[in-house]
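Working notes for the structure below.
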Amino acid sequence: MGTLLKCYKPLFSIRFSSFPNSLHSVQLRTHSFNNPKRRNPIRRCFSSLSPPSQPLINGTALDKMDGNRQPGSPSSELWLHNTMSKKKELFKPKVEDKVGMYVCGVTAYDLSHIGHARVYVTFDVLYRYLKHLGYEVCYVRNFTDVDDKIIARANELAEDPISLSRRYCDEFVQDMVHLQCLPPSVEPRVSDHMPHIIYMIKQIVDNGYAYRVEGDVFFSVENFPEYGQLSGRKLEDNRAGERVAVDSRKRNPADFALWKSAKEGEPFWESPWGPGRPGWHIECSAMSAAYLGYSFDIHGGGMDLVFPHHENEIAQSCAACKQSNVSYWIHNGFVTVDSEKMSKSLGNFFTIREVIDLYHPLALRLFLMGTHYRSPINYSDVLLESASERIFYIYQTLHDCENVLSQHDKGLQESIPPETLNVINKFHNDFSTSMSDDLHTPVVLAALSDPLKTINDLLHTRKGKKQAMRIESVAALEKIIRNVLSVLGLMPTSYSEALQQLREMALKRAKLTEDKILQKIEERSEARKNKDYEKSDAIRKDLAVVGIALMDSPDGTSWRPAIPLPLQEQQVAAT
């Protein structure tokens, strides 16, 4: 095995591109470990950084309205809530213009639920926004593919644990693609990093922070006086059985396993303490150090990881290397069902697959972003229906823009009316101010209303159609909305394709076909011709009950997805 550096310096030398307007890559040079058992070599890490989004109005980037921005440098301040200090802090990376971010990934033994979706959408938004500001980001998100839960599930299915976990890792990646979460710079797996984990445990033992018991190695929390600094818990609060594993061999109930001795039928690796496998917490300490060093900028995950996982990570990392330091600990709130945390252990979860079978993945993403990331969000059909209706409205408006602009692709003037510029400036300022204030996505989503309404007025009202430089205004408004949607991860590949998918899913929820709806529209038109308004209204209401809204215009009647009438009434009653 190759010798690792003391204090666990990054396993990889990370080199960021100095060309801000090119495709940025993070190039990694690996140390050799000469481990023939390790089937998957550590891959080079590419951050796939694209240039910061710059909506152009009159040939000038909107962000230059606030002053001249140097390409490749952050364009504005960013404040993030730090769980360690319990307050919002101005974000200042350790290395100018570069960000190292580690987010704890899934334990891959089943399909992921929407609680997981919230975690990774949250940090995808942060990743995208950091890049938008001009930072070059190395984003590491791990897979836990060696764990008690994986082994238990594999035994149930009579399957190899590593094979089972690999399968669910692949399923998770597909879920992230559906949700438009950008791939991280690197996605390390526990099974590929045993040398790093074993070496870090050895450092902890050698430094006097851990002890061996019959082939197991435990971390001694009493030897680490700062234990509890993240969660605010005291040692006496850590009673065995309450998020703390029960084991009479431990010196303190709060001590936790760094290495577990091999048991019959379980995967194991050789170590100085005998064959076994790592405890849960050590893996993230080892892998974050391997890729980002012992000192980096952001460590994130769900709020449930504050204790014990992240508390234990801090203890381990500092025990292995005194200079270990993470600047910002960021945690998102729970997804709840009837005010209880959604989780596999409670059995009250909905998988991402189950939800996107009925709702567009970007409607789910919008739903998750509709509440500030640190607040709990209650899962409900009415909120998902609202998100679906809202995103249909957004894409329909932009699709209408696209159709109009395709007829006026030449001869546009280079200026726009002051009233349109005011709408754009306000939206841009709302976006920048809200996102820089701890990623306040709900405010940004609400701020979309004004530019969308302005577009619809320009396209569809008599007054709007008479406005000077109408097409130029539509083009400018569409561009800034598109740019913001891109930063939020809500930009579809095609407006028309997304609208069709939203319609198809609405039909599926309504248990109707489009032919059936068109038949109902024909029946209603006939009833109106015969002045049978009772029947006409009944048809409209029957469709509204299942989430199909009819829209009358001089060109005839069309339909769109809508919140089902009973859920609308439920919303009204709740407010």
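Fair warning: this is a prediction, and the values are worked out from it, not measured in the lab. When reading the values below, keep in mind they use all heavy atoms of this one structure, side chains included, and skip hydrogens, waters and symmetry mates. Numbering starts at 1 and runs along the sequence shown.
- A search for side chain to side chain contact (heavy atoms under 4.5 Å, CB included) contacts involving P564 returns E385, P566, L567, not counting sequence neighbours.
- Across L502 and S388, no two heavy atoms sit closer than the pair CD2-OG, 3.7 Å.
- Side-chain N/O atoms of D297 and S327 include no donor and acceptor closer than 3.5 Å.
- Ion pairing between R167 and E159 holds under the 4.0 Å rule for side-chain N and carboxylate O.
- Taking the six-membered ring for Trp and thresholds of 30 and 60 degrees, F431 and Y129 have ring planes more than 60 degrees apart, a perpendicular arrangement.
- To the nearest 0.5 Å, the span separating OH on Y139 from CG on L182 amounts to 9.0 Å.
- Salt-bridge check for D542 with K520: failed, with every basic side-chain N at 4.0 Å or more from each acidic carboxylate O.
- How far CE of M369 is from CD1 of I377: 11.0 Å, rounded to the nearest 0.5 Å.
- For E311 (side chain) and G228 (main-chain N/O), a donor-acceptor pair under 3.5 Å exists by modelled atom type.
- Residue K541 qualifies as open at atom NZ: its count of foreign heavy atoms under 6.0 Å is 12 or below.
- Of all non-hydrogen atoms in M194 and P278, the two that sit nearest each other are CE-CD, 3.4 Å.
- There is a side-chain donor-acceptor pair under 3.5 Å between W259 and S271.
- Contact of the D255 side chain with the D247 side chain is not registered, since no non-hydrogen atoms from C-beta on lie closer than 4.5 Å.
- A cation-pi geometry, defined here as NZ or CZ lying under 6.0 Å from the six-membered ring centre and within 45° of its normal, holds between K131 and Y127.
- Remark: the backbone N or O of V382 is paired with a side-chain donor or acceptor of S386 at under 3.5 angstrom.
- Within the 4.5 Å cutoff, the side chain of N312 has heavy atoms near those of the Y227 side chain.
- Atom NZ of K511 is surrounded by 12 or fewer heavy atoms from other residues, nucleotides or ligands within 6.0 Å.
- The closest side-chain donor-acceptor pair between D147 and T107, if any, does not fall under 3.5 angstrom.
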Residue pair Q500, S496: steps toward the side-chain hydrogen bond (donor to acceptor under 3.5 Å, both in side chains) verdict: CA-CA 6 Å; Q500 183 58 31; S496 58; over 6 Å; no
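- Contact check on E171 versus R353 returns a salt bridge, with a Lys/Arg side-chain nitrogen under 4.0 Å from an Asp/Glu carboxylate oxygen.
- Not counting sequence neighbours, the partners of H309 by the ring pair (Phe, Tyr, Trp, His ring centres under 6.0 Å) test are W280, H281.
- Salt bridge status for E266 with R277: present, with a side-chain N to carboxylate O gap under 4.0 Å.
- Judged by distance alone, the side chain of T83 and the main-chain N or O of W329 form a donor-acceptor pair under 3.5 Å.
- Looking at F172, Y120, F349 one by one, the single match for ring-ring contact (aromatic ring centres under 6.0 Å, His included) with H113 turns out to be F349.
- Sorted by first and then second residue, the salt bridge (Lys or Arg N to Asp or Glu O under 4.0 Å) pairs involving residues 492-501 (not counting sequence neighbours) form an empty list.
- In this structure, Q568 contributes its side chain and I563 its backbone to a donor-acceptor pair below 3.5 Å.
- Of the possible polar contacts, one joining the K86 side chain to the L230 backbone as a donor-acceptor pair under 3.5 Å is found.
- Annotation: side chain to side chain contact (heavy atoms under 4.5 Å, CB included) contacts of A152 (sequence neighbours excluded): none.
- Ion pairing between a basic and an acidic side chain is recognised when a charged N comes within 4.0 Å of a carboxylate O; E478 and R482 show such pairing.
- Side-chain contact, S112 with D175: no donor N or O sits under 3.5 Å from an acceptor N or O.
- Looking at Q519 and D515, their side chains never bring a donor and an acceptor atom within 3.5 Å of each other.
- A salt bridge links D110 with R153: at least one charged nitrogen is closer than 4.0 Å to a carboxylate oxygen.
- With values rounded to the nearest 0.5 angstrom, L292 atom CG is found 9.0 Å from H299 atom NE2.
- With contacts defined as side-chain heavy-atom distances shorter than 4.5 Å, the pair I517/L507 qualifies.
- In this structure, the ring of F256 has its center no less than 6.0 angstrom from the ring center of F218.
- The pair R560-E389 counts as a salt bridge, with a side-chain nitrogen and a carboxylate oxygen less than 4.0 angstrom apart.
- Listed for the S317 side chain is no donor-acceptor partner under 3.5 Å among the backbone atoms of I314.
- Residues W79 and S436 are not in side-chain contact: their nearest non-hydrogen atoms beyond the backbone lie 4.5 Å or more apart.
- Taking 4.0 Å as the cut-off between side-chain N and carboxylate O, D124 and R128 count as a salt-bridged pair.
- Under the 6.0 Å cut-off for aromatic ring centres, F392 and H399 do not qualify, their centroids lying 6.0 Å or more apart.
- How far CD of Q501 is from OG1 of T493: 8.5 Å, rounded to the nearest 0.5 Å.
- A donor-acceptor contact shorter than 3.5 Å links the side chain of K250 to the backbone of P253.
- Not less than 6.0 angstrom separates the ring centroid of Y109 from the ring centroid of Y168.
- Listed by chain and residue number, nothing satisfies the ring pair (Phe, Tyr, Trp, His ring centres under 6.0 Å) test with W559 (two or more places apart in sequence, or in another chain).
- With a 4.5 Å cut-off on side-chain heavy atoms, V121 and R118 do not count as touching.
- Applying the salt bridge (Lys or Arg N to Asp or Glu O under 4.0 Å) definition to pairs two or more places apart or across chains, none involves residues 565-575.
- Looking at V190 and M287, their side chains come closer than 4.5 Å, going by heavy atoms from C-beta outward.
- No side-chain donor-acceptor contact under 3.5 Å links S163 to the backbone of D160.
- For Y291 and H193, the ring centers are positioned less than 6.0 Å apart.
- Within the 4.5 Å cutoff, the side chain of I282 has heavy atoms near those of the M200 side chain.
- Note that SG of C104 is 10.0 Å distant from CG of D304, once rounded to the nearest 0.5 Å.
- Contact check for E283 versus T144: side-chain heavy atoms found under the 4.5 Å cut-off.
- Judged by distance alone, with hydrogens and angles left aside, the side-chain atoms of T397 form a donor-acceptor pair with the main-chain N or O of Y393 at under 3.5 Å.
- Using a 3.5 Å distance cut-off with no hydrogens or angles, the side chains of H331 and H81 do not pair a donor with an acceptor.
- A donor-acceptor pair under 3.5 Å links the side-chain atoms of R365 to the main chain of L179, judged by distance alone.
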